[in-house]
2 protein chains.
Amino acid sequence: MPKTNLCRVMEESVDQAVEGNAQGRIRKANIERIMKAAEKVFASSGFRGSTTAAIAAEANLPKANIHYYFGTKEKLYRAVLDDIVDLWLSSFKGLGENDDPAATLSEYIRGKMELSQRRPEASRVFANEIIRGAPRINSYLSTELKDWVEEKSAILDKWIEQGRMASVDSKRLIFHIWIMTQTWADFEAQWSAILGRKNGLEPLDFDMATNAIITTVLRTCGLVPLPPRH
Amino acid sequence: MPKTNLCRVMEESVDQAVEGNAQGRIRKANIERIMKAAEKVFASSGFRGSTTAAIAAEANLPKANIHYYFGTKEKLYRAVLDDIVDLWLSSFKGLGENDDPAATLSEYIRGKMELSQRRPEASRVFANEIIRGAPRINSYLSTELKDWVEEKSAILDKWIEQGRMASVDSKRLIFHIWIMTQTWADFEAQWSAILGRKNGLEPLDFDMATNAIITTVLRTCGLVPLPPRH
DNA sequence: AAAAAACTTGACCATTTGGTCAGATTTTGG
DNA sequence: CCAAAATCTGACCAAATGGTCAAGTTTTTT
C-alpha cells in the first residue's frame, strides 16, 4: 500500500519536531538518510537541476527506493525545506532573552555563524528558494518570520528608546545581520576564491568573519567606544 | 553556415564592450532581445530550470531561432554571465578615486544599490551561479575580482594607517558591503514578504536600505560621530 | 536585378528523467 | 513459527527537452 505510506511520511515530516513518532526503525533511518543526501544534492544543483537518480546515488540506494518513501521529487524537496525552516525558526528563538544589548547581539551573531558553518547546504537550499521568488515558502515568510522580525525589532526599538543603544533602523539591521552571516555559507565559493583558499573556507575564516560582523553591528549600535585610530 | 555564425556570436560577446562591432542590424537586435529574455528566465528558474522554449517564448521568437544565434543553452548562458561580469567590473571601478573616505564609501554603496535596483535579474543570475559553487566563473573570481579586492583593501588599510578612519577588517568590510547591497536584489522576495509589500519592494525601500547600509559602514569605520542616544 | 548571404521556422529526433509496478525479500506482530 | 505488513528493486514507460535540419523567406551585395 505505497500511497498510504507516502501520506504518512508527509504528515510526520510536518509534526516531526513533535517527537519520535511511531516510525519503524528502518523507515526512520532511510528517511533521514535520503533527506541528508537530498539536502546536499539540492544545495549544489537546485531543485530542477537535481535528479532523483543523483539523490539516490548520493544516498547509496536504488532510485525506486526514494520514490517509495517520498513519492515525488517535489514532496522530497518540500520535506527538506520544511526541515530547514524548522532549523531556522529554532535559531531565531535566541535574540532578546538576555537583557544586555551588546551581549544579546553578539550571541545572536555567533549562533547564526555557527549554523552557517555547520549546515551550509541547508542555507544554500534556502537561499536558492528565495532567489527563485520563494514560491514554496511565501506563507512562512509573511507570517511566522514577519512576526518574529516585528517582535524582535520592537525590542531593539525599546532599547533605543531607553537610550541603551544608538538609534538604528532596527529591521534593516536584523536583515543585514542575517545576510552577513548567511553569506559565509551561501557564497562560500566566492569568498574562498577571493581569499585564495584552495580547499574552501577554514575555521579561522569563520572566526574572522564573526568578529568582523560583531564589530560592525556593535559599532553601528554605538555599543562600543568610538573606534580608535592610529 | 550556422557554425560559423555561432563562433562569431561568441567572440563578439567577449569583446562586446569594445564597440559596436560590424554586426548586422538584425543580428544585433535579436541577440540583444534573446539575451534580455534569457537573463530574466535564468534569474527566475536557474540554468537547469530554464528551458530554451521558455526563453524563446519570453523573447517572442521560435525556439529554433535561439539556437540559430547561440547554438546551445550553455553558450547562451555563458554569454549572459559574461555580460553580467562586465557589468560588475564596471561598477567596481569607482571605489577609491575620491580621496575622502566617507564620501568614497557612501558613493560606492549608492552605486551598488542603484545596480541592485536597476538590474535585479542580473544580480540573481550571478548569485545563483555562486551558490552552485561558481563552476563557470571561478577563474574570474580568483583573478580579476581577487586583484580588485586586494587593491581596494590596500587603499582602506592605507587610510587606517594614516588615521583617517578607524581600524577595520578591510576585506570583510568590502565583502559585507557587497552582500548588504546585493541582497536587496537577490532576496527581494524575502524582504518584501517580511515588510508586507504585496507588490515587491518600492523605491522608498531601496532608499531606506541605502541609508541603513551607509550608516552601518560609516559608523563601523568611525567616520561619523559617536551615534547619539535618546 | 540577380546571386549570395543571412535569417526564419515547423517538423523532427535522441536523450534524459520523473515516476510506476510487480514480484521478490525482509521485518514484525501474535 | 507463520502470516501480514513493510521494504526493496530491476525493468519499464511517457513526457519533457535540448538540439538539428532542410526548405523557405528576407536582406545585402555587386
Side-chain angles (χ1 to χ4, degrees), chain A residues 1-12 20-35 37-38 41-42 44-80 136, chain B residues 1-12 20-35 37-38 41-42 44-80 136:
Chain A
M1 237 198 265
K3 297 283 178 206
T4 306
N5 286 332
L6 261 203
C7 292
R8 213 201 297 172
V9 171
M10 289 298 90
E11 283 159 22
E12 299 195 314
N21 242 311
Q23 291 180 313
R25 303 175 294 107
I26 296 174
R27 186 176 202 78
K28 192 175 171 184
N30 278 339
I31 284 180
E32 195 180 318
R33 188 170 169 188
I34 293 169
M35 285 183 67
V41 175
F42 283 136
S44 85
S45 306
F47 174 71
R48 189 80 188 323
S50 301
T51 64
T52 51
I55 294 169
E58 178 71 36
N60 261 86
L61 287 172
K63 190 183 68 160
N65 219 318
I66 270 73
H67 284 96
Y68 171 69
Y69 283 107
F70 289 91
T72 67
K73 186 170 83 156
E74 175 73 30
K75 282 177 184 165
L76 170 56
Y77 182 65
R78 291 192 114 99
V80 170
R136 285 167 259 238
Chain B
M1 240 197 263
K3 297 282 179 209
T4 307
N5 287 331
L6 262 202
C7 292
R8 212 200 300 174
V9 171
M10 289 297 90
E11 283 159 22
E12 298 194 315
N21 241 311
Q23 291 180 315
R25 302 175 296 106
I26 297 175
R27 184 175 202 79
K28 192 174 170 185
N30 279 339
I31 284 180
E32 194 179 319
R33 188 170 168 187
I34 293 169
M35 285 183 68
V41 175
F42 283 136
S44 85
S45 306
F47 174 70
R48 190 83 190 319
S50 302
T51 64
T52 51
I55 293 169
E58 178 72 36
N60 261 87
L61 286 173
K63 191 182 68 160
N65 218 319
I66 271 73
H67 284 97
Y68 172 71
Y69 283 107
F70 288 91
T72 68
K73 187 170 83 157
E74 174 73 30
K75 281 178 184 166
L76 170 55
Y77 182 66
R78 291 192 114 98
V80 170
R136 285 167 260 238

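Just so we're on the same page: letters track the sequence lines, and every chain starts at 1.
The side chain of B/Tyr68 contributes no N or O atom lying less than 4.0 Å from OP1 or OP2 of C/dT8. Between B/Arg25 and D/dT27 there is no side-chain polar atom (N or O) within less than 4.0 angstrom of OP1 or OP2. Distances shown here put every side-chain N or O of B/Arg27 at or beyond 4.0 Å from the OP1 or OP2 atom of C/dA6. Side-chain nitrogen and oxygen atoms of A/Asn30 include at least one within less than 4.0 Å of the OP1 or OP2 phosphate oxygen of D/dC8.
Proximity of B/Lys73 to B/Phe42: side-chain heavy atoms (C-beta onward) are separated by under 4.5 Å at one or more points. Within the 4.5 Å cutoff, the side chain of B/Leu76 has heavy atoms near those of the B/Met35 side chain.
The two residues A/Ala37 and A/Glu58 have their closest heavy-atom pair at CB-CG, 3.5 Å. Between A/Ser50 and A/Val41 the shortest heavy-atom distance is OG-O, 3.2 Å. Between B/Asn30 and B/Tyr69, the shortest heavy-atom contact is ND2-OH, 3.1 Å.
A straight line from CD of A/Glu74 to P of C/dG18 spans 12 Å, rounded to a whole angstrom. The separation between A/Ile66 atom CD1 and D/dT7 atom P is 14 Å, rounded to whole Å. One atom, OH of A/Tyr69, and another, C1' of D/dA5, lie 12 Å apart when rounded to the nearest Å. Atom OH in A/Tyr77 sits about 14 Å away from atom P in C/dG18, given to the nearest Å. In this structure, A/Asn65 atom CG and C/dG19 atom P are separated by 15 Å, rounded to whole Å. Computed from coordinates, the B/Phe70 CZ to C/dT8 P distance equals 13 Å when rounded to whole Å. The distance from atom CG of B/Asn60 to atom C1' of C/dT9 is 15 Å, rounded to the nearest whole Å. Taking atom CD1 of residue B/Ile26 and atom C1' of nucleotide C/dA6, one finds them 8 Å apart after rounding to whole Å.
Cation-pi check for B/Arg136 over B/Phe47 is met; the charged atom lies under 6.0 angstrom from the ring centroid and within 45 degrees of its normal.
For B/Glu74, the CD atom counts as densely surrounded, since its 6.0 Å shell holds more than 12 non-hydrogen atoms of other residues, nucleotides or ligands.
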Anything under 3.5 Å between a protein N or O and an N or O of nucleotides 16-18 of chain D, put it in a table, one pair a line.
unit_1: D/dT17; atom_1: OP1; unit_2: A/Arg48; atom_2: NH2; d: 2.8
unit_1: D/dG18; atom_1: OP1; unit_2: B/Ser50; atom_2: O; d: 3.2
unit_1: D/dG18; atom_1: OP1; unit_2: B/Lys73; atom_2: NZ; d: 3.1
unit_1: D/dG18; atom_1: OP2; unit_2: B/Thr52; atom_2: N; d: 2.9
unit_1: D/dG18; atom_1: OP2; unit_2: B/Thr52; atom_2: OG1; d: 3.1
unit_1: D/dG18; atom_1: N7; unit_2: B/Lys63; atom_2: NZ; d: 3.1

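Of the listed nucleotides (C/dC7, C/dT20, D/dT20), C/dT20 has the atom at the smallest distance from the side chain of A/Ala64.
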